[in-house]
Protein chains: 2
Amino acid sequence: MGPEQHAMLVSIARRHYLDGVSKVDIAKERGISRYKVGRLLQTALDEGIVRIEIQARGGIDYELSEALRVKYGLRRALAAETPDEVHVHHGIGQVASALLSEIVTRDDVLGVDCGRTLASMARQLHSLERCDVVQLTGMAGVIGQTATDITRVISEVNGGRVFPIYAPYIVPDVHTAQTLRNHPAIRSAMNYYPKITKACVAIGAWTPELSQMYPLLNSADAQRLAQRGVVAETCALTVGADGQRIDAVDERRIGVSDTALKKIPDVIALAGGRGKTRAVDAVLKSGMVNSIVTDTFLAARLLGDRPD
Amino acid sequence: MGPEQHAMLVSIARRHYLDGVSKVDIAKERGISRYKVGRLLQTALDEGIVRIEIQARGGIDYELSEALRVKYGLRRALAAETPDEVHVHHGIGQVASALLSEIVTRDDVLGVDCGRTLASMARQLHSLERCDVVQLTGMAGVIGQTATDITRVISEVNGGRVFPIYAPYIVPDVHTAQTLRNHPAIRSAMNYYPKITKACVAIGAWTPELSQMYPLLNSADAQRLAQRGVVAETCALTVGADGQRIDAVDERRIGVSDTALKKIPDVIALAGGRGKTRAVDAVLKSGMVNSIVTDTFLAARLLGDRPD
DNA sequence: TCCGGCTCTGCACATATGAGCACACCGCTT
DNA sequence: AAGCGGTGTGCTCATATGTGCAGAGCCGGA
C-alpha cells in the first residue's frame with residue numbers, strides 16, 4: 001500500500017474513531033460514498049492501522065474471569081492477579097472486599113463462612129453499607145479466621161447488626177448438635193438464614209491441610225468420606241467430583257443447610273491456591289454458589305481441565 | 001467503580017469491539033436493554049477501558065500531514081520523519097518515490113523538474129508503471145541533479161518514453177530562448193506539456209543557496225526581484241509571499257509556463273529543510289501545486305506560521 | 001477479438017444506533 | 001405527607017450502518 005492510500009486510511013480512521021464523525025459525514029466531507037468510507041475503515045481495521053485495545057484495570061484478569069464465568073454459567077467470576085501461586089489470599093481477599101463494597105446494599109443480609117481468605121477479605125474491607133451480618137457456620141480454624149471473627153470484623157466496618165454463632169463447626173454427636181441449635185442465640189441466627197440475600201463462603205479440598213472441616217473429623221471418618229467420593233466442602237457441606245451432595249455428618253453440623261444455601265440469591269465463593277482445582281470445580285458444579293473469586297493460576301487450571 | 005461493574009464493562013467491550021457483536025445482540029445475550037449496553041460501552045470509552053489507537057506506519061507523520069493538507073486545501077500532503085532538519089532529502093525522496101509508485105499508472109504522462117530532493121526520489125524509485133516522462137524545465141544545478149538526469153533515471157526504472165530538454169534553465173537573452181524553443185527535440189518535449197497528467201517539482205527559496213534558479217541570474221537581477229517581492233520559485237516560476245506570480249525572466253526561461261503548470265491535474269511539490277518555510281507557504285498558496293511532500297520540521301513550521 | 005475471472009462500485013433493504021424525552025424510583029428535605 | 005433534584009430506564013423516531021447483489025471496468029489468456 002502506498003503512502004497516499006495509507007494517509008487516507010489514517011486520516012479517515014482518525015476522523016471516525018477519534019473525532020467520532022459518522023461515516024456518512026466523512027463521506028460528505030471527502031465527496032465519496034459512505035460505502036467506500038465503510039470499506040476503507042474496514043481495511044484500516046484489517047491492516048492493523050486502527051487498533052482497539054481493552055485496557056483492564058490491574059489486579060484482575062478479566063479475560064480469564066469471563067471465560068470462567070461462561071464455563072460454569074456463573075453470575076460473576078473474578079480471577080485476581082497474584083504475585084505467585086502460594087500467597088494468593090491477600091489478592092483474592094482484596095478483590096472480594098472490593099466486590100462486597102460494590103454489591104452490598106443497605107437492606108442486604110450478609111452471610112459469612114470462615115477461612116483464611118475470607119479473613120483477609122474482611123481485613124481489607126474499607127467501607128460497606130450498613131447491613132445485618134449472619135454467621136453461616138459454627139466456629140472452626142485458627143483464631144482470627146473463624147466465622148465469628150470474620151462476622152465481627154465486618155460488622156465493625158459497617159456497623160450493622162450481628163448474628164453470631166458461638167458454637168463449634170461440628171460436634172461429636174447428634175444430641176449436642178440439637179441442643180446447640182435450640183440455644184436461643186444460635187436459633188436466632190439460624191432462623192435468620194432464609195432472609196440472607198448475599199453470602200461469602202470458602203471452598204475446601206478434601207485434605208487435612210486444605211479444609212477447615214477435614215481435621216475436625218477423626219481420620220477414619222474422613223477417609224471413609226474420601227472413599228465415598230468427597231472431594232470438596234463449603235460451609236461443611238461435602239460434595240463429590242460432579243458437584244453432587246454427599247451427605248456426611250450433616251446431623252452433627254452447626255450451620256446452614258444445603259437447601260438453605262441454595263436459596264440464598266447470591267453466594268460468592270472465595271478459593272485459591274494449589275491443590276484446590278478439583279474441589280473448586282466440584283463446588284462450582286454443585287449449584288450451591290453462583291459467583292467465584294479466585295486467583296489466575298487456579299482459574300487457568302479450571303479452564304484447562306488440569307487438576308493440580 | 002467496583003470489580004463487578006468493571007468486569008462487565010470489560011466483558012461487553014470485548015464482545016463488541018473485539019468480537020464485533022452488535023449492541024443489540026449483546027443485550028439479548030445478557031438480558032438487558034440495548035440502551036443499557038450502549039451506555040455501558042460509552043462508560044467504558046469514557047473510563048479509558050476501551051482505547052482506540054491509530055497506528056501510523058513509520059516514516060510519515062500522518063497527523064501533521066493531514067493538518068497540512070487541510071490548511072492549504074491540498075489534494076495530498078505527506079510529512080516525512082527525518083533524523084534531523086538538515087538531512088531531509090533522503091526521507092522526502094523516499095516518501096515521494098513510494099507515492100509515485102502508488103499513483104502513476106500506465107497512461108500517465110509524468111513531468112519532472114530538477115533538484116536534489118527529486119534526484120533522491122529518482123534514485124529510490126524501485127518500480128514504476130511504464131509511462132512517458134517529460135522534462136519540465138531546462139537543465140540547472142549540479143550534475144546528476146538536473147531535470148535531464150532525473151528524467152533519465154526515472155525512465156530507466158520504468159522503461160517509458162523520454163522527452164528530454166537538452167538546454168539550459170535560463171538563457172541570457174530572449175532570442176536564444178526562442179531559438180531553443182524552436183529546436184525540434186525541445187519543441188517536441190514542450191508540445192507534450194498539455195498532455196502531462198502528473199508532475200514532480202521542487203520549491204526554491206529566493207536565496208543563492210536554496211534555489212536552482214537564483215544563481216543563474218546576475219546578482220543585480222536577483223536582488224531586484226527580491227525587492228519586487230519574490231520569495232520563492234518552482235520550475236523557475238517566481239512567486240511572492242501570497243503566492244501571486246511575479247513575472248521575472250519568463251521570456252528567457254526554457255520550461256513549462258505557469259498556465260501550463262496549473263493545467264496539469266496533479267502537481268506534487270517536494271521541499272524540505274531549513275529556510276524554506278516562507279517559500280513553500282508561498283508556492284502552496286499559488287495554486288500551481290496541489291500536493292506536497294516535505295519533512296516534519298518544515299510541516300510544523302508551516303502550521304505554526306513561524307518562518308525560519 | 002472474445003471471454004472468464006477479478007475488483008471496485010453503488011444500490012436496496014433490513015438492522016443497528018443515537019438522541020431527546022418522559023417517567024419511575026430513591027433519598028432527602030420541608 | 002408532600003415536594004424535589006438526581007439517577008437510571010426504556011420509549012420513539014430519525015439516522016447511520018451492514019450486507020447481499022448486480023453492473024461496470026479491467027486484465028490476461030485462448
Side-chain angles (χ1 to χ4, degrees), chain A residues 1-2 4-9 11-47 49-50 52 54 76 101-109 127-132 158-160 197-198 265, chain B residues 1-2 4-9 11-47 49-50 52 54 101-109 127-131 158-160 197-198 265:
Chain A
M1 193 196 320
E4 173 166 40
Q5 164 87 341
H6 201 264
M8 165 164 256
L9 290 186
S11 156
I12 287 182
R14 270 226 173 70
R15 205 94 184 89
H16 184 65
Y17 287 107
L18 303 187
D19 302 345
V21 179
S22 80
K23 302 179 187 186
V24 172
D25 288 346
I26 294 174
K28 281 178 194 158
E29 280 175 13
R30 308 185 81 106
I32 56 181
S33 79
R34 70 179 180 87
Y35 312 103
K36 183 150 184 131
V37 174
R39 281 163 184 146
L40 286 171
L41 284 171
Q42 190 54 49
T43 310
L45 233 33
D46 296 343
E47 295 285 323
I49 293 171
V50 175
I52 300 183
I54 311 295
R76 57 177 91 77
S101 300
E102 178 185 6
I103 64 173
V104 167
T105 64
R106 182 161 298 194
D107 30 46
D108 268 321
V109 177
S127 71
L128 192 72
E129 279 287 317
R130 164 181 254 114
C131 71
D132 295 345
N158 77 346
T197 54
K198 296 194 168 75
Chain B
M1 194 195 321
E4 173 166 40
Q5 164 87 342
H6 201 264
M8 166 164 257
L9 290 186
S11 157
I12 287 182
R14 269 225 173 71
R15 205 96 184 88
H16 184 66
Y17 287 107
L18 303 186
D19 303 346
V21 178
S22 79
K23 303 179 187 186
V24 172
D25 288 346
I26 295 174
K28 281 178 195 159
E29 279 174 15
R30 308 186 81 107
I32 57 181
S33 79
R34 71 179 178 88
Y35 313 102
K36 183 152 183 123
V37 174
R39 281 161 184 149
L40 286 170
L41 284 172
Q42 190 54 49
T43 310
L45 234 32
D46 295 344
E47 295 285 323
I49 293 170
V50 175
I52 301 183
I54 312 294
S101 300
E102 179 185 5
I103 65 172
V104 167
T105 64
R106 182 161 300 193
D107 30 49
D108 269 322
V109 177
S127 70
L128 193 72
E129 280 287 318
R130 166 181 254 113
C131 71
N158 77 346
T197 54
K198 294 192 169 76

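Just so you know, these numbers come straight off a predicted model, no measurement behind them. The chains referred to below are lettered A, B, ... by the order of the sequence lines, with proteins before strands, and numbering in each begins at 1. No hydrogens, no waters, no symmetry mates; every other heavy atom, side chains included, goes into these values.
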List, one per line, each side-chain donor-acceptor pair under 3.5 Å for residues 25-33 of chain B, sequence neighbours excluded.
| from | atom 1 | to | atom 2 | distance (Å) |
| --- | --- | --- | --- | --- |
| Glu29(B) | OE1 | Arg15(B) | NE | 3.1 |
| Glu29(B) | OE2 | Arg15(B) | NE | 3.2 |
| Glu29(B) | OE2 | Arg15(B) | NH2 | 3.0 |
| Arg30(B) | NH1 | Ser11(B) | OG | 2.9 |
| Ser33(B) | OG | Tyr35(B) | N | 3.4 |
| Ser33(B) | OG | Lys36(B) | N | 3.1 |

Worksheet item: Which nucleotide of DNA chain D is the first, and which the last, in the 5' to 3' direction, to come under 4.0 Å of a heavy atom belonging to chain B?
Response: dT9(D) to dC13(D)
Worksheet item: Which of residues 14-24 of chain B have a heavy atom under 4.0 Å from DNA chain C?
Response: His16(B), Ser22(B), Lys23(B), Val24(B)
Worksheet item: Considering only heavy atoms, which members of residues 28-41 of chain A lie under 4.0 Å from some atom of DNA chain C?
Response: Ser33(A), Arg34(A), Tyr35(A), Lys36(A), Arg39(A)
Fill in: Residues which pass salt bridge (Lys or Arg N to Asp or Glu O under 4.0 Å) with Glu129(A), listed by chain and number, not counting sequence neighbours
Arg106(A)
Identify, with sequence neighbours excluded, every residue that meets side-chain contact (heavy atoms from CB on, under 4.5 Å) alongside [X].
X         : answer
Glu102(A) : Leu99(A), Pro3(B), Glu4(B), Gln5(B)
Lys23(B)  : His16(B), Val37(B), Leu41(B)
Leu18(A)  : Arg14(A), Ile54(B)

Tell me every residue that passes side chain to side chain donor-acceptor pair (under 3.5 Å) with [X], counting only those two or more places apart in sequence or in another chain.
X         : answer
Asp108(B) : Thr105(B), Thr197(B), Lys198(B)
Gln42(B)  : Asp46(B)
Asn158(B) : none

Worksheet item: If you take all heavy atoms of Leu9(A) and Thr43(A), which pair is closest and at what distance?
Response: CD1-CG2, 4.1 Å
Worksheet item: Which atom pair, heavy atoms only, marks the closest approach of Ser101(A) to Ser127(A)?
Response: OG-O, 3.0 Å
